[in-house]
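A short write-up of the structure that comes next.
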Amino acid sequence: MENQTFNEDVLILEGLNVTPRSSFPAFTFLLLIYIFILVSNIGLMFLIYWERSLHQPMYLLFCSMSINDVLGATVVVPHLLRDILSPSAYRYISYIECVIQAFCVHLHASTSHTVLMVMAFDRYVAICNPLRYSSIMTKYMVLKLTVAAWGVIFLLVGVLVGLSVRLSRCTRVILHPFCDNASLFKLSCESILINGIYGLGYTVVLLGSSIGITSLTYLKILMVCVSSKNKVLNSRALQTCTTHLAVYIMLLVSGFIIVIMHRFPQLSQHSKVAAVMGHIILPALNAVIYGLQTKAVKQKIISMCNFSKD
C-alpha cells in the first residue's frame, strides 16, 4: 500500500546534471544569488515603504515587480538547492507540490509581462500627458491596474494548469529541474490537444498584448519627444524609460531563448540551465537596475549609506 501511494503521489525530478565535484560550487552560487535576490528586492520594497517621497505610482509598481521576483526565485531555488546535494534517486517532489510549483512558475513569468505593461502605461502618461499625470495615475488607479495585472494572470494560469491536472498519469518522471505546465501534461498518456490549443492561444495573447502595448507606448513617447524638441523632456524620457526598456528586453530575450531551446531535445541540458537562469538572473538584475538606474531611489540609497557611516 505504501509503495502504491509513493508511485501515485510522488514524482521523480531529473534535475540538473551536476557532477559530484561541481555540486558544492553550484550550490554556493545558487545560494548566494538567492540571498542577493531576497535582500535586494525586499530592501527595495522597505525603502519605498519607509520613504514618503517614493510613494509615487512608478515606485509602487517597482514593489509589485519585486514581489513577483521574490516569488519566482523562492518557488524554484530552495528545491534546486536541496536536489543539488541529493543523490539522483532522492530527487523527488509530491504531485501536489509539483502542481503548486508549476502554477507559481507560470504566474511569475506571465505577471512579469503584465506588470511591465502597466509600467509602460505609467511612463506613457507621465511623458505624454504630464499635466494630467497626477489625476490619472492616482493610488486607486495604480491599485486597480496592479490587481488586474495579477488577477487576470491568476485566472488564466489556473485554467492552464487545471487542464493538465485533469489528465490521468502514466509516468512519474519530471524531465526538468522543476515543475512547469509542460512537465505536468507530459506525465499523461492521454491526448493533450486541448492543452496544446489553450497553451498556444495563451502564449500568443500574452506575448502579443505585451509586445503590442509596450511598442505602442514607446512609439508614442518617441513621437512626443521628436515633436517637442525639448531637451529637458527628452532627457527625462530617456532617463525614466531606459530602466523599464532594459528589463523588458531582458525578459523577452530570456523567454525566447528558453522556448527555442525547449524545441531541441539535443539541447535538453542547456535548456534546463537556461530555465533556471531565467528564475534567478532576472530577479537579481531587476533590483539592481531599478535601484541604481532610478535617480530618486539611488539618491535615497546613497543618503542612507552616508547616514549609517556618520
Side-chain angles (χ1 to χ4, degrees), residues 6 9-42 65-112 157 160-161 164 171-187 250-251 253-262 264-265 267-288:
F6 180 83
D9 297 334
V10 178
L11 307 175
I12 299 173
L13 283 167
E14 188 178 78
L16 293 172
N17 187 17
V18 180
T19 62
R21 178 178 296 181
S22 59
S23 60
F24 184 73
F27 177 89
T28 304
F29 172 75
L30 284 176
L31 179 61
L32 291 176
I33 290 290
Y34 181 57
I35 292 174
F36 178 78
I37 291 171
L38 294 181
V39 172
S40 59
N41 282 283
I42 294 176
M65 180 61 74
S66 290
I67 292 172
N68 189 45
D69 286 338
V70 170
L71 169 67
T74 300
V75 76
V76 170
V77 178
H79 224 288
L80 281 175
L81 292 174
R82 188 204 69 176
D83 290 344
I84 286 176
L85 297 181
S86 302
S88 57
Y90 291 92
R91 294 177 181 175
Y92 57 85
I93 185 172
S94 70
Y95 182 71
I96 294 177
E97 284 182 289
C98 186
V99 171
I100 294 174
Q101 187 179 56
F103 177 85
C104 292
V105 162
H106 288 279
L107 180 68
H108 164 250
S110 302
T111 303
S112 297
V157 172
L160 181 73
V161 176
S164 298
T171 182
R172 60 188 184 94
V173 179
I174 300 291
L175 302 175
H176 207 57
F178 52 85
C179 294
D180 57 9
N181 186 58
S183 302
L184 288 177
F185 65 64
K186 286 180 181 179
L187 295 174
M250 287 192 303
L251 177 66
V253 172
S254 173
F256 282 128
I257 289 175
I258 293 173
V259 170
I260 292 172
M261 295 184 70
H262 187 69
F264 298 93
L267 299 176
S268 60
Q269 293 303 322
H270 296 84
S271 177
K272 292 177 184 179
V273 174
V276 173
M277 290 297 103
H279 281 271
I280 62 173
I281 299 300
L282 289 180
L285 289 177
N286 286 350
V288 174

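Starting from 1, each residue takes its place in the sequence as its number.
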Determine which pairs satisfy side chain to side chain donor-acceptor pair (under 3.5 Å) with at least one residue from residues 68-77, sequence neighbours left out, and list them in order.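 Sorted pair list: Y34-T74, N68-S112, D69-N286.
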Taking only residues at least two apart or on different chains, which pairs with a member in residues 22-33 satisfy side chain to side chain donor-acceptor pair (under 3.5 Å)? T19-S22
Donor-acceptor under 3.5 Å (H106 side chain, N181 main chain): yes
Hey, is the main chain of V75 close enough, under 3.5 Å, to the side chain of Q101 for a donor-acceptor pair? yes
Check for me whether R91 meets the cation-pi criterion with F178, that is, NZ or CZ under 6.0 Å from the six-membered ring centre and within 45 degrees of the ring axis.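 Not flagged: R91 not positioned over aromatic ring of F178.
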[X] [atom1] to [Y] [atom2] distance, which is reported to the nearest 0.5 Å:
X	Y	atom1	atom2	result
T171	K186	OG1	NZ	12.0 Å
D9	Y92	CG	OH	13.5 Å
R172	I12	CZ	CD1	4.0 Å
I93	C98	CD1	SG	5.0 Å
F27	L32	CZ	CG	9.5 Å
L11	S183	CG	OG	9.5 Å

Of the non-hydrogen atoms in [X] and [Y], which two are nearest, and what is the gap between them?
X	Y	answer
A73	P78	O-CD, 3.7 Å
H279	A275	CD2-O, 3.3 Å
F29	I280	CE2-CD1, 4.2 Å

Would you say the side chain of H79 lies within less than 4.5 Å of the side chain of L13, judging by non-hydrogen atoms?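 Side chain of L13 against side chain of H79, heavy atoms only: contact under 4.5 Å found.
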Using a 4.5 Å cut-off on heavy atoms from C-beta on, say whether the side chain of L184 contacts that of Y95. yes
Between side-chain atoms of residues 35-42 and protein atoms elsewhere (two or more places apart, or another chain), which donor-acceptor pairs fall under 3.5 Å?
from, atom 1, to, atom 2, distance (Å)
S40, OG, F36, O, 2.6
S40, OG, I37, O, 3.3
N41, OD1, S66, OG, 3.3
N41, ND2, I37, O, 2.9
N41, ND2, P283, O, 3.3

Starting from the C-alpha separation in whole Å, work towards a yes-or-no answer on side chain to side chain contact (heavy atoms under 4.5 Å, CB included) for I100 and C104. CA-CA 6 Å; I100 294 174; C104 292; 4.2 Å; yes
Let's go through L71 and T111 carefully: what are the C-alpha distance in whole Å and the side-chain angles of both, what is the deciding distance for side chain to side chain contact (heavy atoms under 4.5 Å, CB included) to 0.1 Å, and is it a yes or a no? CA-CA 11 Å; L71 169 67; T111 303; over 6 Å; no
